[in-house]
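Inspection log for the structure reproduced underneath, given as structure tokens.
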Amino acid sequence: MFPIKFVRENIEYLKKAGSLKKINVDWEKFEILEKQRRALIQGIEKDRQKHKETNDEFLENKKKGINNQKLLDYAKSLSSGIKTGEKTLSDIEKQIDAIIETIPNIPHSSVPVGETTNDNVIIRTWGEIKEKEFNILPHYEIGKKLGVLEMEKGAKITGSFFPVFAGNGAKLIRALINFMLDIHSKNGFKEVWVPAIVNRKSMFGTGQLPHLEDDMYKIKDDDYFLIPTAEVPVTNFYREDIIPEDNLPQYFCAYTPCFRREAGAYGKETRGLIRLHQFDKVELVKFVQPENSYDELESLVKEAEIILQLLNIPYRVVLLSTADMSFSSSKCYDIEVWAQGIKKWLEVSSCSNFEAFQARRAEIRYKKKDGKTDFVHTLNGSGIALPRVLVAIYENYQTEKGTIKIPDVLIPYMGIDEINGG
RNA sequence: GGAGAGAUGGCUGAGUGGACUAAAGCGGCCGCCUCGAAAGCGGCUGUACCCAAAAGGUACCGCAGGUUCGAAUCCUGCUCUCUCCGCCA
């Protein structure tokens with residue numbers, strides 16, 4: 001979200017940003033409303049000044065015992081005029097805000113301009129994609145066979161796309177969460193435990209609201225939301241705060257469950273664990289000085305990659321083109337793992353630099369050494385989302401005899417080296 | 001869930017209808033003094049908006065309304081914090 005002044009002064013630039021991201025903004029209406037707004041403010045402020053002066057005169061006269069009826073009447077008329085003006089103004093400002101809220105963040109100059117997801121650029125690929133000589137079962141079949149994944153149980157308890165993991169399946173999730181948090185906190189990310197339910201202001205601060213309201217689970221009675229990602233509570237940690245520059249940068253990691261309604265996303269592409277209403281994720285969040293934010297993005301991606309390298313899962317890093325990146329980000333890398341059973345690249349992490357876009361919405365500032373305050377840059381990335389990593393482990397680590405080997409780094413967490421049953 | 005107390009600038013804290021242009025102190029910045037520093041002395045001090053800029057102006061005392069010519073101050077609703085009671089893993 002941009003301040004109105006910035007929008008006014010950079011209108012051509014922002015128009016371009018909107019068209020790159022394929023988002024329509026009603027610029028004509030904006031310009032009309034903005035003109036009206038300024039004229040109105042000038043009128044109101046002039047009247048307020050007159051009103052003040054009239055009141056001063058009224059008081060003087062009162063002290064001298066002079067009859068004041070005329071002044072009183074004048075002040076009354078000014079006062080009621082100001083009130084109507086203020087009402088109109090707030091109405092216009094609401095309309096302007098509604099338009100500004102639809103302006104997406106500006107893509108960085110290093111982001112490829114594209115028309116479709118095909119214009120994304122593969123930056124690097126890691127690991128070896130082996131051809132296996134036996135028939136690998138898709139994760140949902142091997143999971144069911146071994147009794148570690150029970151989709152039907154979840155559907156009974158709640159609804160479809162709420163999985164149940166049992167026995168070693170459940171244990172593997174716990175192992176992955178602990179493993180990831182251990183790595184990140186060793187690498188300088190402060191571990192935080194945060195609420196999985198947040199208020200409207202927090203959802204607005206990170207940019208999920210207003211346009212994604214239908215994708216979220218809502219607690220109506222309290223106007224709270226179940227978080228779709230830990231990005232929301234962790235970034236809002238510093239909402240409306242001013243951080244001393246000496247305390248920057250700040251790195252956080254957090255495990256939370258994530259909840260997404262995924263309205264209208266059902267289909268055969270989503271069989272098994274690919275798309276869920278509830279899933280687990282370890283998230284990385286950074287608050288940094290603006291001048292460092294693109295270097296910080298690179299190291300954030302590397303931090304997420306470490307997890308996959310240690311798990312020995314082949315992956316590739318993809319730079320999203322302007323057509324595929326999210327509303328709030330300036331630059332975004334996706335990390336995709338190779339799942340050998342279903343033979344697909346699966347997105348397991350999305351690492352973004354939001355520059356000051358979220359910081360402005362959430363009013364996250366820092367006090368510079370020269371005493372001035374400015375908005376920080378915020379970044380976040382998954383490090384990593386669990387279900388699709390599970391898909392890769394279930395499939396890539398599958399053996400010919402129908403068991404799942406445990407990746408070496410997880411053996412200390414699991415206490416076993418192979419899953420041969422729930 | 002019930003009862004009570006509270007929310008004022010970076011911080012502490014005064015202010016119960018008009019001189020509030022928000023006192024005072026702390027902190028911070030600049031200057032004087034000093035070889036340098038401390039102390040002391042003097043000055044400065046927030047955010048946003050309007051105006052091409054400057055000068056100037058306007059708004060902001062938890063949030064939203066209301067009363068009034070005039071509200072930090074009075075009224076109503078809400079949010080949050082604290083204390084006590086109830087309930088609870």
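Quick note on labels: first sequence line is chain A, next is B, and so on, each numbered from 1. Remember, it's a predicted structure, so these values are computed and weren't measured experimentally.
Expressed to the nearest 0.5 Å, how far OH of Y13(A) lies from CZ of F6(A) amounts to 7.5 Å. Distance check, rounded to the nearest 0.5 Å: CG of N168(A) to CD1 of I416(A) gives 4.0 Å. K302(A) contributes atom NZ, which lies 10.5 Å from atom CD1 of I335(A) (distance to the nearest 0.5 angstrom). In this structure, CD in Q95(A) is found 10.5 Å from CG in D26(A), a value given to the nearest 0.5 Å.
Not one N or O on the side chain of T206(A) forms a donor-acceptor pair closer than 3.5 Å with the backbone of Q208(A). A donor-acceptor pair is defined here as one N or O able to donate and one able to accept, closer than 3.5 Å; such a pair exists between the side chain of S19(A) and the backbone of K16(A). Under a 3.5 Å cut-off, the side chain of N120(A) and the backbone N or O of V318(A) do not form any donor-acceptor pair.
Where L59(A) and K5(A) meet RNA chain B, the nucleotide closest to each residue was compared, and L59(A) sits on the side nearer the 5' end.
Of all nucleotides listed (G70(B), U58(B), U47(B)), U58(B) comes nearest to the side chain of E45(A). Of the listed nucleotides (C50(B), G18(B), U68(B)), G18(B) has the atom at the smallest distance from the side chain of N55(A). Checking C50(B), G57(B), C69(B) against the side-chain heavy atoms of R8(A) singles out C50(B) as nearest.
Between R37(A) and E34(A) a salt bridge is recorded (basic side-chain N to carboxylate O distance below 4.0 Å).
A distance of about 15 Å separates the P atoms of C61(B) and G66(B), rounded to the whole Å. Between A89(B) and G77(B), the two C1' atoms lie 35 Å apart (nearest whole Å). Separation of the C1' atoms belonging to C63(B) and A72(B) is 14 Å when rounded to the nearest angstrom. Nucleotides U45(B) and C26(B) place their C1' atoms 13 Å apart, quoted to the nearest Å. Nucleotides C75(B) and G17(B) have their C1' atoms positioned 13 Å apart, rounded to a whole Å. With P as the reference atom, U73(B) and U68(B) are 16 Å apart, rounded to whole Å. With P as the reference atom, A23(B) and G10(B) are 14 Å apart, rounded to whole Å. Annotation: C69(B) and G13(B) have their C1' atoms spaced 32 Å apart (nearest Å).
Close to U68(B), at under 4.0 Å from its OP1 or OP2, lies no side-chain N or O of S79(A). In this model, the phosphate group of U47(B) is not approached by any side-chain N or O of R365(A) to a distance below 4.0 Å at OP1 or OP2. For C51(B), one of the phosphate oxygens OP1 or OP2 lies less than 4.0 angstrom from a side-chain nitrogen or oxygen of R38(A).
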Using a cutoff of under 3.5 Å, can you pull out all pairs of nitrogen or oxygen atoms linking the protein to nucleotides 20-22 of chain B, with atom names and distances?
none

Legend entry - salt bridge (charged side-chain N to carboxylate O under 4.0 Å, His left out) assessment of E12(A) paired with K15(A): CA-CA 5 Å; E12(A) 290 312 313; K15(A) 275 182 187 172; 3.6 Å; yes
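Per the geometry, CD belonging to E86(A) stands 18 Å off P belonging to C49(B), to the nearest Å. Rounded to whole Å, the distance from OH on Y74(A) to P on G70(B) is 14 Å. Rounding to whole angstrom units, NZ of residue K83(A) and C1' of U58(B) are separated by 17 Å. One interatomic measurement links the two molecules: CD1 of I44(A) to C1' of G57(B), which rounds to 14 Å at whole-angstrom precision. Rounded to whole Å, the distance from CZ on F58(A) to C1' on G18(B) is 9 Å. The CG atom of L78(A) sits 13 Å away from the P atom of C69(B) (whole-angstrom rounding). With rounding to whole Å, E93(A) atom CD is found 9 Å from C50(B) atom P. For the pair D56(A) CG and G57(B) P, the computed distance is 13 Å after rounding to whole Å.
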Inset, instruction - Taking Watson-Crick and G-U wobble pairs with both distances under 3.5 Å, convert RNA chain B into its dot-bracket string, 5' to 3', dots for unpaired and | for cross-strand pairs. - result: ((((((((.[[[..)..(.....]]]((((((.......))))))(((((.....))))).[[[[[..)....]]]]])))))))....
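For the pair R361(A) and F204(A), the cation-pi test (distance below 6.0 Å, angle within 45°) is passed.
Every residue two or more places apart in sequence or in another chain that forms a side-chain contact (heavy atoms from CB on, under 4.5 Å) with Q278(A) is listed here: F162(A), P257(A), F259(A).
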